[in-house]
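Each remark here refers to the structure printed beneath this line.
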Amino acid sequence: MLLIAHGLVVRSDLPIPEWLFGWAAAVVLVVSFVALAVLWPDPRLQDEGWRPLPEGLGRVLTSRPVEVACGAVGVFLLGLTVYSGLNGTRNTQENFAPTFVYVVFWVGLVPVSVLFGDVFRAFNPWRAIGRALAWVARTAARGPIPAPLAYPRRLGRWPATLGILAFATMELVMSPGPGSKPETLATASLIYSGLTFVAMALYGVEAWAERGEAFSVYFNLFSRISPLERRGRRIGLRKPLSGLTGLEGLPGTVPFVAVMIGSVTFDGLAAAPIWTNVAPHLADFFRNRGVSIEHALQAAFMVGLVACVLLIYGFYRLGVAAARTVGGGFSSERLAGTFVHTLVPIALAYVSAHYLTFLLFQGQGIVFLGPLPNIGALLSDPLGNGSDVFGTAGHTINFGVITANETWYAQVGFVVAGHVAALTLAHDRALALYDEARLAVRSQYWMLAVMIGFTSLALWLLSQANS
Amino acid sequence: MPPLAHAGHWLIGLSYFAPVIGFLVWLGYVQIRDRGKEDDE
């Protein structure tokens, strides 16, 4: 990833070796599994139990002026990203676009979605522009405009999967390099916007935003963990995690989540000696076939990224195939789609643990974390041309926000909590799916193996940042 | 570099995955044992 490494601070004085944390995490999962088997005999999360908050609050937050204002903010930020990318300094760290896209938008919106629900839907610039254009078209036509095509079911979430893989390629394969350059980000934003508007014109704004638009799908998945949800013109509370149980296992959903986890896995692996030893040989392989040095290294990284995605996908499918052997008469495809929602808290654990310091340190370019949070330097000088709009251009990163050991404990906490949440979701779904409680528990032995595997991998990857 | 020179790194790396390896071995054993019991019945 661009800019600085995520875990650049060296830990010291941990009471036990780092690998022993992995063992402790596995024990926590096994104990949680037993506790769930004994204390959680009936499905509790399949019904979200949504109940509305006081009507006035929902009415204000979902009112047309607030919707328009949120959309306008999203469009402004997209415009600022493109403008600063094309007209600002070429220095990655001094330009608004890279930090905003890779840190604040890609990473920072994840905890916001988990806490407050599907916030991105309100600020989504493509949805806002699409809806505005549809309104203009209706007004100009003085009546209804032709209905969009029906979104093909077989497409499912595949377009979003390709979109998120393309973004991960820019972030992890082409950075450092063209992928982190402000002008590349601006151009990519424009191309992505164009494609999105064409797709929205074909299939409708809401249908495309719900299934095809990569970032909408990405943040919506995380928002399903949140206890807050909007329904119509009301905002209400539901059981945390329960929003995930309503996730439809459409085609492309498992690959989408595999890209979510696999891309973070590769980002961690890229810092590991095992990869730094293998990558040059892979690059040589491509160079010997006439590929230039720069592109050979990118090809090697692309192989690494795809391999990590396939590893995550394969490990999950293996767990599902094994769970199928306990009986119940379900196909592997059905089980894979039925349990895919359990991978979302794992994706959250990976993102939170891996990008914690990245967000806390690099994010200060946008939100400075001093004694009081303040406007970051990049907002005062988004183009990097010496301007100082808010008088905060001189702010530098405050590395005292979190210590190395605090980071490690927080990372382990995220990983364990995410996997316990995943285990809970899987247990709850199994109880709803299988007629016999005995089969439900036996099928979960294999899901437990998957969870322990993902936990071990996550902690090993985090340890590699300091190796 | 000979692989043995990196044995320490490999072993520490492998130790992270010991729980999942151990769990899978146990799970495989239980599956085989249960199959044997079902066949006997």
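Below, read A as the first sequence line, B as the second, and so on, with proteins coming before strands; counting in each chain starts at 1.
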With a cut-off of 6.0 Å (strictly less than), are more than 12 heavy atoms of other residues, nucleotides or ligands near CG of A:Asp435? no
Within a radius of less than 6.0 Å around CH2 of A:Trp23, do more than 12 heavy atoms belonging to other residues, nucleotides or ligands occur? no
Most chain B-contacting option - heavy-atom pairs closer than 4.5 Å, from A:Leu20, A:Leu448, A:Thr455: A:Leu448
With a 4.5 angstrom heavy-atom cut-off, is it the side chain or the backbone of B:Phe17 that approaches chain A, or both, or neither? both
Got A:Leu269 and A:Gln464 here, is their nearest side-chain heavy-atom distance under 4.5 Å? no
Can you tell me which portion of A:Ile274 sits under 4.5 Å from chain B's heavy atoms? Options are side chain, backbone, both or neither. side chain
Answer yes or no: is there an ion pair linking A:Arg317 with A:Glu333, defined by an N-O contact shorter than 4.0 Å? yes
